[in-house]
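These notes concern the structure reproduced below.
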Amino acid sequence: MTSSRPSDSASSIPAYRYTAALAAGIEQRWQNYWQENHTFDAPNPAGPLADPVGVANRSKLFVLDMFPYPSGTGLHVGHPLGYIGTDVYARFKRMQGYNVLHAFGYDSFGLPAEQHAISTGVHPRVNTNANISNMRRQLRRLGLGHDERRSICTTDEEFYKWTQWIFLQIYNAWFDPSISRARHINELIAQFASGKRNTSSGQAWNTMTPAQKSLEIDEFRLAYLSDAPVNWCPGLGTILANEEVTAEGRSDIGNYPVFRRNMRQWTMRISVFSDRLLGDLDRLDWPEPIKLMQRNWIGRSEGARVAFSSSAGAINVFTTRPDTLFGATFIVLSPEHPLVETLCTAEQREHITAYIAQASATTDTDRQDDSRKKTGIFTGSYAINPVTNQPIPIWIADYVLMGYGTGAIMAVPSGDQRDFEFARQFDLQITATQMPTGAWFDQHHFPPSDDCATWPSAFVGEGNYVHSANDTLSLNGQRSIADAKNLMNAWLTERNLGEATVTYRLRDWLFSRQRYWGEPFPIVYDQDGLAHDVPESMLPVLLPELTDFSPQTLDPMDSTSDPVPPLARVTDWVTTTLDLGDGPRTYRREVNVMPQWAGSCWYELRYLDPTNTQRFVDPEVEKYWMGPATDEHTGGVDLYVGGVEHAVLHLLYARFWHKVLHDLGHVSSEEPFHRLFNQGYIQAYAYRDDRGQTVPAEEVTETNGSYTYGNEKVTREYGKMGKSLKNIVTPDEMYDEYGADTFRLYEMAMGPLEASRPWNTLDVVGMQRFLQRLWRNVVDEETGALAVSEDAIPETLLRQLHKCIAGVAADMETLRFNTAISKLIELNNDLTQYVNSGHRTPLSLITPMAQMLSPLCPHLAEEIWALLGHSTSITFEPFPVADPNLLASDTIEIPVQVNGKVRSRIVVLVGASQDDLLAAALSDDKVIAALGGVVPARSIAVVGRLVNFVL
RNA sequence: GCCGGCGUGGCCCAAUUGGCAGAGGCACCAGGUUUAGGACCUGGGUGUUGUGGGUUCGAGUCCCACCGCCGGCACCA
């Protein structure tokens with residue numbers, strides 16, 4: 001960073017000017033003060049951090065930042081945006097009397113540290129701890145008001161003990177669909193034992209062996225082992241959750257290829273919560289786009305299951321459009337469909353075998369490629385359309401996936417573009433069931449016709465039903481799709497041919513990772529291979545030390561390789577002798593570890609009661625900070641701020657865990673995060689030379705819209721801060737150059753918190769100048785003496801002050817810090833004019849100004865507060881309240897328009913009526929001139945707003 | 001392709017929710033101060049509110065169409 005203030009020669013700069021150096025002294029002094037005085041420690045109502053006196057008679061507020069991963073590269077200026085925002089809000093609310101809980105910890109398990117360990121041989125704990133230290137240092141220098149007693153790391157043994165404990169709660173729970181709730185597994189066992197529930201085999205419970213019982217129960221557990229197709233990523237040596245795989249079929253982290261294959265893995269039965277996860281979104285105060293993304297991900301489809309009879313028995317299809325059943329002219333099965341074998345005729349067998357082989361060699365990604373030509377093959381068999389009673393051909397095509405619905409579709413080519421293209425490709429029948437509108441035909445430049453063999457594409461939309469009747473059912477004529485669906489569903493249900501049903505896109509969550517740096521599962525296997533949970537008294541199951549981080553060399557492209565978890569190599573850890581109630585026996589430990597999401601699924605609860613050794617959180621403490629405010633309220637964090645990138649990963653998983661904990665009675669809140677706010681991103685310009693190489697952004701100069709690096713012309717682009725774009729700006733540089741308060745102010749002033757914007761270091765000076773002017777209004781720059789008077793404040797300035805107070809308080813409440821700052825600058829500019837005209841700053845003005853500044857620039861505000869003679873922190877001073885009498889004035893200026901153009905302004909009393917306004921306007925010289933003697937055809941007067949004459 | 005968000009001075013952004021297009025910052029210009037530079041002080045708004053239509057006495061704001069950028073989903077049955 002090249003300094004814009006060359007040779008800060010001490011002689012030319014006043015000794016007490018608010019420079020970066022002066023700010024640094026002030027800031028570090030107050031940071032020490034806050035730490036020594038435990039200023040931001042929030043009292044709990046119960047448990048180890050209990051302080052009932054501190055809690056009494058205060059409203060509570062729980063403010064939360066999304067859990068950061070402690071990155072090795074440290075913070076850049078984009079990272080703290082949300083942290084500053086929550087800090088400003090938390091400080092503002094403290095001044096309004098709230099008991100504010102604001103803590104900050106680290107999501108410190110994860111792949112990057114392990115990858116680093118593999119390449120360096122250094123234990124990931126060493127690297128992780130160093131990264132956390134560096135991040136703590138950077139954040140402390142920012143002056144964030146966190147309760148330091150509550151700073152946790154997911155890698156702490158005391159923390160992951162409880163992560164394992166929660167895993168066991170989930171493991172020992174099942175979902176009871178009859179009440180749509182998770183229950184303890186013992187209640188299921190009781191149902192089996194009493195005969196209230198039948199076992200899957202029909203065998204009586206008390207005649208089953210322990211192993212049989214165990215397998216029966218495992219089918220219900222919310223955490224279970226499954227032999228399901230997984231996303232195998234050889235490049236990372238681990239499997240990944242669906243949410244961690246990009247649309248391109250590559251890993252979210254590292255961008256390695258991902259392959260589908262079967263493996264035995266721990267899985268979370270999140271899918272049974274689909275309905276609640278979807279429905280409760282409506283009860284949350286979240287940005288609509290995030291809710292939409294979760295809704296899309298959960299993917300609820302309402303439709304019908306319809307049975308088509310065939311020589312191989314009934315073929316069940318799922319459709320969202322049962323109303324178009326009359327137009328179903330063929331069936332398409334997924335190549336993996338179990339009935340394919342039975343349905344293919346002898347003469348087609350050879351071709352079909354070849355097609356299936358070809359399809360299985362094609363990745364899911366390719367099969368979902370939109371631009372690909374449709375492929376498929378006829379089985380030779382026919383099914384009966386249940387409404388038309390006509391035989392329709394059964395085809396196989398790879399565009400139908402086994403993983404969605406039933407792996408079989410009824411094709412309605414007239415109403416579905418994919419089916420339409422397929423029918424055209426293979427010359428299959430197309431029957432219209434809905435008549436498109438005239439507009440649709442116009443748009444396609446086509447004469448209206450119900451012969452859809454001639455249509456240019458399928459028609460999707462509302463249209464009159466045609467060709468949709470049999471002896472006992474008719475949909476024909478004008479009716480809504482919903483209406484038609486209901487008629488069809490009722491008809492199908494009555495004849496046992498199908499039923500209305502709902503499917504979800506959300507799959508169960510693959511929960512194991514074949515890595516080292518994660519929480520070990522509290523699970524052991526006996527000699528029969530049956531899983532047992534490790535009792536609570538033996539938690540935590542500690543991660544064993546590992547000295548060899550050498551990677552298992554897997555070819556990222558080799559889909560047939562097998563994962564070998566690093567823990568499998570620690571043989572004396574894997575084999576263990578435990579007494580699980582039936583004497584000491586030898587067990588084999590689970591060698592997979594939990595995914596990184598585990599810790600972040602519940603960390604907010606641990607902030608509440610971080611030192612509790614008896615429970616993961618004291619129930620009374622949880623209820624105080626996160627309990628529902630009313631009967632309808634979900635409970636949860638009062639304000640959760642973070643980036644949009646966690647929309648369907650962390651936010652969905654955490655909601656799921658929280659609901660399980662709620663159902664089992666461990667927490668009173670139904671949702672973890674009641675109000676969510678997405679902050680925008682700070683990005684930065686980057687520059688490339690002729691060869692396409694990025695050049696250091698801070699060394700590029702701009703002249704008249706063109707950019708040069710050295711003598712070379714470079715082109716500008718815009719993107720995330722990072723090493724590859726060479727456009728990183730760090731908070732440390734800002735502290736050195738301007739100080740933390742200026743940096744905080746700039747981050748908050750550059751735009752609304754939710755908006756993304758480009759970083760521009762050159763603009764920061766504007767905020768520094770503001771603070772310098774403010775400082776100069778308080779302190780004599782040359783001597784350091786207080787320059788404040790106790791003289792009365794003139795009325796105009798007093799009115800400006802109260803207007804500012806009202807505006808700033810409203811802006812802070814709604815997180816509009818950018819406009820709050822502009823109002824403070826405005827007031828300070830007014831004050832500066834007053835001071836420059838020979839007055840001194842009135843004490844009664846600077847006092848509320850310091851208070852209003854305090855959330856944004858806490859160090860400077862503390863310093864001014866102390867200079868004004870106060871001996872306690874400004875942190876808990878009440879935020880100023882505007883006097884309504886000083887907000888209103890007696891007169892108001894009203895614009896007068898003639899034909900919508902402003903021609904004059906009149907000054908009237910505030911309460912002036914319409915008639916008063918018109919009379920005053922008509923007697924105004926400029927208005928008379930503009931009217932030119934013409935009597936207005938219409939006169940509009942809006943009280944308090946304007947007057948408009950229409951000629 | 002579908003869904004969502006956003007387009008306002010050279011740049012980042014305001015605009016009481018339909019009522020005077022401009023609060024604040026950067027940049028820029030002029031003047032003051034200064035040996036000079038920086039800093040500071042005073043003054044200055046540089047515009048077809050992305051484009052085209054519509055509703056209205058009145059549109060940055062509401063409606064329709066289109067263009068551009070960002071994000072999400074994508075043979076989802």
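Quick note on labels: first sequence line is chain A, next is B, and so on, each numbered from 1.
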_Between B/U56 and B/U46, how far apart are the two C1' atoms, rounded to whole Å?_
32 Å
Taken to the nearest whole Å, OH/A/Y681 to C1'/B/G5 is 14 Å
Taken to the nearest whole Å, CE/A/M293 to P/B/G72 is 7 Å
Notebook entry, point to check: Taking only N and O in the side chain of A/R773, is any of them less than 4.0 Å away from OP1 or OP2 of B/G25?
Noted result: yes
In whole angstroms, the gap separating P of B/G72 from CG of A/N678 amounts to 13 Å
Taken to the nearest whole Å, CG/A/L946 to P/B/A15 is 20 Å
query = What does A/V942 touch in the nucleic acid at a heavy-atom separation under 4.0 angstrom: a base, only the sugar-phosphate, or nothing?
reply = base
Whole-angstrom distance between B/U51 and B/G71, as gauged at atom P: 24 Å
Expected list for residues 747-756 of chain A near RNA chain B, using heavy atoms below 4.0 Å, is A/M750, A/P752, A/S756
Checking N1-N3 plus N6-O4 or O6-N4 for Watson-Crick, or N1-O2 and O6-N3 for wobble, each under 3.5 Å, the partner of B/A23 is none
Per atom distances to the A/I409 side chain, the nearest of B/G19, B/G24, B/A77 is B/A77
Closest to the side chain of A/Q772, out of B/A77, B/C26, B/C40, is B/C40
Phosphate-side-chain proximity, A/S301 and B/A77, N/O vs OP1/OP2 below 4.0 Å: yes
> B/C6 and B/A14: how far apart are their P atoms, nearest whole angstrom?
Replying inline: 12 Å
*asked:* Between A/N231 and A/V258 (side chain of the first, backbone of the second, donor and acceptor by atom type, cut-off under 3.5 Å), is there such a pair?
replied: no
If only side-chain N and O atoms of A/R938 are considered, is one of them under 4.0 Å from the OP1 or OP2 phosphate oxygen of B/C57?
-> yes
Heavy-atom nearest nucleotide on RNA chain B taken for A/I940 and for A/M767; more 5' hit belongs to A/M767
Presence of A/N818 side-chain N/O under 4.0 Å of B/G24 phosphate oxygens OP1/OP2: no
Shortest non-hydrogen pair, A/A307 vs A/A314, comes out as CB-CB, 4.3 Å
Measuring only the P atom in each nucleotide, how far is B/C12 from B/C70? A whole number of Å is fine.
15 Å
Pairing partner of B/G1, by Watson-Crick or G-U wobble and under 3.5 Å for both distances, is B/C73
Nearest heavy-atom approach of A/E717 to A/L725 is OE2-CD2, 3.7 Å
Exercise. Decide whether a cation-pi geometry holds between A/R505 and A/W297; the criteria are a distance under 6.0 Å from NZ or CZ to the six-membered ring centre and an angle within 45° of the ring axis.
Key: yes
In terms of heavy-atom contacts, A/S301 and A/T320 come closest through CB-CG2, 3.8 Å
Do any N or O atoms from the side chain of A/N818 and from the backbone of A/M748 form a donor-acceptor pair under 3.5 angstrom? no
Partner of B/G68 under the Watson-Crick or G-U wobble criteria, both distances under 3.5 Å, comes out as B/C6
Any strand, both distances under 3.5 Å, Watson-Crick or G-U wobble: B/U42 pairs with B/A30
B/C40, OP1 or OP2 - any side-chain N/O from A/R769 closer than 4.0 Å?
yes
| B/U61 to B/G50 separation - P atoms, rounded to the nearest Å | 8 Å
Walking RNA chain B from its 5' end, the first of A/E288 and A/D416 to be reached, judged by nearest nucleotide, is A/E288
Here the distance between atom C1' of B/A14 and atom CZ of A/R757, to the nearest Å, is 14 Å
Separation of B/A14 atom P from A/L824 atom CG, nearest Å, is 16 Å
| query | Going by the angle between their ring planes, with limits at 30° and 60°, are A/Y718 and A/Y685 parallel, tilted or perpendicular? | reply | tilted
query = Would you say the side-chain atoms of A/T324 pair up with the backbone N or O of A/G327, donor to acceptor, closer than 3.5 Å?
reply = no
* Asked: Which value, in whole Å, describes the distance between the C1' atoms of nucleotides B/C26 and B/G72?
  -> 34 Å
Rounded to whole Å, the CG-P distance (A/N296 to B/C73) equals 8 Å
Contact check, residues 825-838 of chain A vs RNA chain B, heavy-atom distance under 4.0 Å, returns A/I825, A/E826, A/N829, A/Q833, A/N836
*Does a distance-only test, which skips hydrogens and angles, find a donor-acceptor pair under 3.5 Å between the side chain of A/N948 and the base of B/C57?*
yes
In whole angstroms, the gap separating P of B/A77 from CZ of A/F308 amounts to 16 Å
Can you tell me how far P in B/C40 sits from the matching atom in B/U49, rounded to whole Å?
34 Å
Which of B/C12, B/A77, B/C3 is nearest the side chain of A/L292? It is B/C3
Check your understanding: Which whole number of Å gives the distance between the C1' atom of B/G37 and that of B/G19?
Key -> 49 Å
Applying the 3.5 Å cut-off to both distances, the Watson-Crick or G-U partner of B/U48 turns out to be none
**Prompt:** Is any side-chain N or O of A/R505 closer than 4.0 Å to OP1 or OP2 of B/A74?
**Reply:** yes
* Asked: So, does A/Q417 use its side chain to make a donor-acceptor pair with the main chain of A/A458 at under 3.5 Å?
  -> yes
| request: Quick one: sort the A/W759 and A/Y746 rings into parallel, tilted or perpendicular, breaks at 30° and 60°. | output: perpendicular
The glycosidic conformation of B/U17, counting syn as within 90° of 0 and anti otherwise, is syn
* Asked: Distance check: side-chain N/O of A/R945 vs OP1/OP2 of B/G18, anything under 4.0 Å?
  -> no
Scanning both residues in full, the closest heavy-atom pair of A/V927 with A/S904 reads CG2-CB, 3.9 Å
Kindly assign one of parallel, tilted or perpendicular to the pair A/H650 and A/H646, based on the angle between their ring planes and the thresholds 30° and 60°.
perpendicular
Is it true that the NZ or CZ of A/R305 lies under 6.0 Å from the centre of A/F318's six-membered ring and within 45 degrees of the ring axis?
no
